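The structure under discussion appears below in the form of structure tokens.
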Amino acid sequence: MQIESEKIIEFVKINQLSPLFSSQEEQDNWFKDIKGKPAYQPLIHEIKEEAEQLLKDPLRELTFSEFTIFRDTGSRLEYERRYFAKRRRLNTFAIMSLLEPIQSIYLKELQETIWSICNEFSWCLPAHLKNSPEMDANINQTFFQVNQNPRNTIDLFAAETAFALSEIFSLTKHLLDPLIQKRMIDEVYRRVLLPYQNQSFEWEKSTHNWAAVCAGSIGAAALHIVADERMLSTTIERVLHTMNYYLKGFNDDGACMEGYGYWQYGFGFYVYFADLLKKKTDGVLDLLNTEKVHQIALFQQKCFINKNQVVNFSDSPEKGAVLLGLSHYLHEIYPDLEVPEVELRASFNEDHCSRWASAIRNLIWFDEQKTGEKWQDDTYYLKDSQWLISRNDGYVFACKGGHNDEPHNHNDIGHFILQVKGETFLKDLGSGMYCDAYFNHERYTFLCNGSQGHSVPIINNQYQSEGAENYATITQISTEQAEDILEMNLAKAYEIEVLEKLIRRFTWKKSQKPELVLEDTFHFTEKPESIIERFITPVMKITEDSTGVILEGKEKLKICFNRDEIDLVVRENEFLNHFGVKEELFQFDFLVKKPSEMTNLEIRFHFL
């Protein structure tokens, strides 16, 4: 949707009301009423518990030494933990002030937290300030020059902070000290709204979560506090332009190739802004009323494979808690969107980044009438993104083609996941611990990012290469009640001149005890040096016999192969996951004994 600013002026209502409620009376009554409703008690209890704990812990300022750790070592966790802990205080005491407006201790802590955030050197994370004006230590400008040409970086979290403070201002201005109110507005303008008017940013034409989060947060902040018609309309016009770029990052099948967490993040902020804009324009500007957005909304129910476990291709953790407020809101718009079970909801402190926008909407968009149900058995083939996901009575198979220049890319063409009743046997490692090297030229040396950490072949001791020119070609797809078949040519995933074709064929037989048949056919112009079929599994009990190897957890999976053709070597390995926790794994390497110009291998994965 692209609308000129002159038209936007006609649509947007300039008033002092929060777009979340129609009046101060409605807002007050809503927060009062939910305290007596049983369905809300678990949500409120979590927030109160967090508040009681935080009252025991003094507010902690961010220090210079913490701020410079990333600059000096590339490590992100130390500063970010403290930064997000302060946002947790902001969320907690803001909501408690709305729930218990006569409890002055909550308002006191809220105002102290806001004051502290307004005093921060930058609202950006140090990892996003590389080569920024904020990090330029040269003293080569006069005060007049700096004052006339202010330069501020706007990253995800600067934009989010502006959104949070503007919305909290909108909801609590009847409680806040006037000086705090002024400080909040001044800082949102100084750090975000005015730099946005005077600068351009790379993320404005991004086709991933940065576009939706940064632009959506700025647009939301403007809708809450900007009273100047011209400034508001030009801001919204520009935000809409960036939102179009965000949607371009999705194929028509709606798959978020960044992973479920980034669907929740980027698409969540798209929806938060769209809702505020729709309300401020009396429904005239509706960013949710397109089939592509509808398909993006449906991605959630397709990518969950068992309870809170997701298909975690790309930089995605293996588990994902549902934003139940967002899900309930979307169900009202798209009735075919499955309402998740209440037990899957994200708790108040689930989000380690402590995002205000989702925290408050998990409360105000929660619908006590929607009890939800378990994910339905189904098979989804996402044609444009080349993902196949099949859920069948507790058994799950998922695989992907695609290319190796996807958002938050992993070199993983032809990779797959195999699971039963929540127990994963063939796994995706998901996202690793973010650091400087994770996002530079060293990215694919990380086990979780390179093809060496995925269930794909290693040919002539070479892994898959990154880049859009490294891709899969789908040669057959069939999804039936009894079995699913997906066949693809992976040759272009490897920069190996002698490799003409690599046909990987998955046959998923959905019987009472399902079986996956994997057939790889290699065509070379000359005899290859080596072929290794690598599979990634959790650490499990292993037993071998003449026809294969059995992996045993709560359930059992037998991998059958021809020992006359293949030798098996099992290696233990480990990596640091997204939260910096060490995870162990097995690498099953099936070494082809006599590779030739045309090599055909069949490996069967059978649940016992």
Side-chain angles (χ1 to χ4, degrees), residues 16 18 59-64 66-67 79-80 82-94 97 107-126 128-129 132-135 143 146-199 201 203 213-228 231-232 235 239 269 272-273 276 353-357 359-360:
Q16 297 302 309
S18 164
L59 175 64
R60 191 182 182 285
E61 299 296 338
L62 298 167
T63 67
F64 172 72
E66 290 168 340
F67 182 82
Y79 182 85
E80 292 180 12
R82 298 293 187 187
Y83 177 100
F84 295 132
K86 196 187 294 186
R87 269 61 184 172
R88 175 77 44 81
R89 296 183 76 91
L90 177 71
N91 298 350
T92 304
F93 292 123
S97 294
L107 180 60
K108 176 181 180 297
E109 290 294 335
L110 172 61
Q111 294 188 146
E112 293 293 350
T113 304
I114 292 171
W115 190 259
S116 176
I117 289 173
C118 289
N119 285 336
E120 289 174 353
F121 171 68
S122 173
W123 288 346
C124 299
L125 297 185
H128 299 156
L129 288 174
S132 70
E134 289 91 336
M135 300 305 289
F143 170 78
V146 173
N147 194 47
Q148 291 299 307
N149 186 31
R151 305 286 292 175
N152 275 74
T153 303
I154 302 177
D155 75 338
L156 297 164
F157 299 100
E160 281 187 49
T161 301
F163 184 175
L165 291 183
S166 300
E167 191 157 89
I168 290 169
F169 167 82
S170 183
L171 291 168
T172 64
K173 59 180 178 288
H174 61 295
L175 302 172
L176 294 171
D177 186 290
L179 186 57
I180 288 286
Q181 295 183 45
K182 182 178 186 300
R183 186 80 197 281
M184 295 167 77
I185 300 303
D186 285 351
E187 292 298 328
V188 170
Y189 269 91
R190 182 177 73 84
R191 296 172 185 262
V192 175
L193 293 179
L194 292 180
Y196 185 65
Q197 294 290 309
N198 300 322
Q199 299 169 227
F201 299 90
W203 49 256
V213 176
C214 294
S217 293
I218 292 169
L223 288 169
H224 277 298
I225 67 172
V226 173
D228 180 84
M231 181 178 179
L232 180 58
T235 298
V239 167
F269 274 81
Y272 307 151
F273 168 71
L276 292 172
C353 294
S354 299
R355 298 175 177 93
W356 161 262
I360 188 64

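This structure is a prediction, so every number in the text was calculated from the model and none was measured.
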Report the distance from atom CG of Leu176 to atom CG of Leu110, rounding to the nearest 0.5 Å. 5.5 Å
Check: Lys173 side chain, Ser170 main-chain N or O, donor-acceptor pair, under 3.5 Å: yes
For the OG atom of Ser97 and the CD1 atom of Ile168, what is their distance to the nearest 0.5 Å? 9.5 Å
Student check: side-chain heavy atoms of Asn119 and Arg183 closer than 4.5 Å: yes
Does the side chain of Thr92 reach to within under 4.5 Å of the side chain of Glu109, using non-hydrogen atoms? no
Quick one: pull up CD1 in Ile185 and CD1 in Ile225 and give me the separation to the nearest 0.5 Å. 4.0 Å
Backbone N/O of Tyr196 and side chain of Gln199: donor-acceptor pair under 3.5 Å: no
Within the 4.5 Å heavy-atom criterion, are Ile180 and Phe169 side-chain neighbours or not? no
For Phe157 and His128, take the angle between the two ring planes, folded into 0 to 90°, and tell me which bin it lands in: parallel under 30, tilted 30 to 60, perpendicular over 60. parallel
Start with the C-alpha distance between Asp155 and Cys214, add both sets of side-chain angles, then the distance that settles side chain to side chain contact (heavy atoms under 4.5 Å, CB included), and finish with yes or no. CA-CA 7 Å; Asp155 75 338; Cys214 294; 5.7 Å; no
Taking all non-hydrogen atoms of both residues, which atom of Cys118 and which atom of Leu165 are closest, and how far apart? SG-CD1, 4.4 Å
Heavy-atom nearest pair, Phe163 first then Phe269, reads CD1-CE2, 3.7 Å
Is it true that a side-chain atom of Tyr83 and a backbone atom of Trp123 form a donor plus acceptor pair closer than 3.5 Å? yes
Might you point out which heavy atoms bring Ala221 and Leu193 nearest each other, and give the distance in Å? CB-CD2, 4.5 Å
Does any N or O in the side chain of Glu80 come within less than 3.5 Å of the main-chain N or O of Leu125, such that one atom is a donor and the other an acceptor? no
Please tell me if the side chains of Leu194 and Met231 come closer than 4.5 Å, counting only heavy atoms from C-beta onward. yes
Heavy-atom side-chain contact between Pro133 and Thr153 under 4.5 Å: yes
Could Glu120 and Lys86 be called an ion pair, given the rule that one side-chain N must be under 4.0 Å from one carboxylate O? yes
Student check: side-chain heavy atoms of Thr172 and Gln181 closer than 4.5 Å: no
Is a side-chain donor-acceptor pair under 3.5 Å present for Arg87 with Ser354? no
Between Ser116 and Thr113 (side chain of the first, backbone of the second, donor and acceptor by atom type, cut-off under 3.5 Å), is there such a pair? no
Any chance you could measure Leu179, atom CG, to Asp186, atom CG, to the nearest 0.5 Å? 9.5 Å
Search all heavy atoms of Val188 against all heavy atoms of Ser166 and return the closest pair with its distance. CG1-OG, 3.6 Å
With a 4.5 Å cut-off on side-chain heavy atoms, are Met184 and Trp115 touching? no
Asn152 side chain near Val192 side chain, heavy-atom distance below 4.5 Å: no
State whether a side-chain donor-acceptor pair under 3.5 Å links Glu160 with Trp356. no
Residue of the set Glu66, Arg60, Glu61 for which side chain to side chain donor-acceptor pair (under 3.5 Å) holds with Thr63: Glu66
Can you list the steps and then say if Ile360 with Asn91 is a side chain to side chain contact (heavy atoms under 4.5 Å, CB included)? CA-CA 8 Å; Ile360 188 64; Asn91 298 350; over 6 Å; no
Report the C-alpha distance between Tyr189 and Val226 in whole Å, list the side-chain angles of each, state the deciding distance to 0.1 Å, and finish with yes or no for side chain to side chain contact (heavy atoms under 4.5 Å, CB included). CA-CA 9 Å; Tyr189 269 91; Val226 173; 3.5 Å; yes
Sequence neighbours left out, what passes ring pair (Phe, Tyr, Trp, His ring centres under 6.0 Å) with Phe93? Give chain and number order. none
Kindly assign one of parallel, tilted or perpendicular to the pair Trp203 and Phe201, based on the angle between their ring planes and the thresholds 30° and 60°. parallel
